[in-house]
Amino acid sequence: MALTGRAALLAALGTLPVGIWEPGWTGIIAVNGPLALACACDFALAAPVRRLGLTRSGDTSVRLGEPVDVTLTVTNPSGRPLRARVRDAWPPSSWEPGTEMSASRHSLTVPPGERRRLTSRLRPTRRGDRHADRVTIRSYGPLGLFSRQGTHKVPWTVRVLPPFTSRKHLPSKLARLRELDGRTSVLTRGEGTEFDSLRDYVPGDDTRSIDWRATARQTTVAVRTWRPERDRHILLVLDTGRTSAGRVGDTPRLDAAMDAALLLAALASRAGDRVDLLAYDRRVRALVQGRAAREVLPSLVDAMAALEPELVETDARGLAATALRTAPRSSLIVLLTTLDTAPVEEGLLPVLSRLTRRHTVLLASVADPHIAGMATARGSTDAVYEAAAAAQAQAERTRTAERLRRRGVTVVDATPSELAPALADAYLALKAAGRL
């Protein structure tokens, strides 16, 4: 039971001592006789809170940055009308900053024996699972002098998925893939390692593609055409260790790597390749294997939703061993990790030969555009020192990438906005070169 502000104002004018109690507070206020009777009647006519029935419905998943509606149904089984204020509590990251007060609080009137629906619009600001907290209801009497208050647990979970902003690049990459695959009219056929068909020789064709047996059976020179191989295995390896926690602008490195991995997975599955995912730091954080082409993207998005960077150094030996177990035969292993000198030289380089001996390895790393801006800064002493530090960092990064390339690794180093299309282009280049 709680005394409302209206009742407290009236009580300040009263004269009769009356005891008022609520959990954690006991006191005496002075009211007159009619006011005390009005308060007692108001409290008696307020609908009970504990007997209310509450259920939830609505969406259970949403992409990061998009809105999602969750409906709370309140059923009033009592014989008194419910006049209430309702707070539907969720974690702070479920709302845009500054909107929680207005979005989570509702006014409600439910006649006896009826039910009403309240809709809370969430707009999560972080990936992962968002669990509903308590629902607090304050029921008022008809005069608004007293209220009953109680809380209910009404479980509900909304999974916040990666936004996949790079999907805008997918149509152009698929067009390039169709060119490689020979499914559109282009001047030259796509290269590859899988025989496609025979056609007549035209000036400019590579003479090594002439099929002499077919030529002997006809009056024209026949040329073999090729297409990229299908049903290749691609293993996406997300490094979820300490370096993935760094932020580049407003985006964690891990989130940029996820976005690039999703674009590559969508493209590779359309190309007929099989795509698996491994997220690792010192243990396996997520593993997706053996999905059909239509299931790959939903499975990856769902697995990535709950991933968070771990503030530990990645165990490169464990990562390599797990990748080899996950990809037992010749595959394309895509490492989405850092190009920082120390983690690569001390962790990755000693175990790299175990991967390149059997597999094609592609390493993709998120570059910080701020460093490029610092390298061109001039005009003050501080700017010159910053430019020198940025140039040194860029030189170290370039040397590290060259050491990896000399060991047969394809390296993609790009800013968060450019990493996804650059990684897709590297995959298509490997296809075109017949390395997949």
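By convention here, the first residue in the shown sequence is residue 1.
A donor-acceptor pair shorter than 3.5 Å cannot be found between the side chains of R56 and T71. Side-chain contact annotation: S120 with H106, donor-acceptor N/O pair under 3.5 Å present. A side-chain N or O of T314 and one of D239 form a donor-acceptor pair less than 3.5 Å apart. Counting only N and O atoms by type, the side chains of S166 and D259 include a donor and acceptor under 3.5 Å apart. The closest side-chain donor-acceptor pair between R253 and S244, if any, does not fall under 3.5 angstrom. A side-chain donor from one of R397 and S365 sits under 3.5 Å from a side-chain acceptor of the other.
In the displayed structure, R167 atom CZ is contacted under 6.0 Å by more than 12 heavy atoms of other residues, nucleotides or ligands.
Atom CG of residue D413 and atom CG of residue L339 lie 5.0 Å apart, to the nearest 0.5 angstrom. Taking CZ of R63 as the reference point, atom CZ of R159 lies at 13.5 Å (rounded to 0.5 Å). Distance CG/L82 to CD1/I137: 7.0 Å, rounded to 0.5 Å.
Inter-residue side-chain proximity for V344 and L349 is flagged as met; some heavy-atom pair is nearer than 4.5 Å. When side chains are defined from C-beta on, W156 does not count as touching L72, because their heavy atoms never get closer than 4.5 Å. Side-chain contact check for T356 versus V409: some heavy-atom pair is nearer than 4.5 Å. You'll find the side chain of H152 stays beyond 4.5 Å of the side chain of R134, heavy atoms only.
Although no hydrogens or angles enter the test, the distance criterion places no donor-acceptor pair under 3.5 Å between the side chain of T157 and the main chain of R130.
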Item checked: Verdict with reasoning, K431 to D425, per salt bridge (charged side-chain N to carboxylate O under 4.0 Å, His left out) -> CA-CA 10 Å; K431 280 277 190 185; D425 287 340; over 6 Å; no
Next item on the list: Decide side-chain hydrogen bond (donor to acceptor under 3.5 Å, both in side chains) for R232 and S331; before the verdict, give the C-alpha distance in whole Å, the side-chain angles of both, and the deciding distance to 0.1 Å.
Entry: CA-CA 7 Å; R232 307 299 290 173; S331 307; over 6 Å; no
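Every residue meeting the side-chain contact (heavy atoms from CB on, under 4.5 Å) condition with A257, not counting sequence neighbours, appears here in chain and number order: L238, L336.
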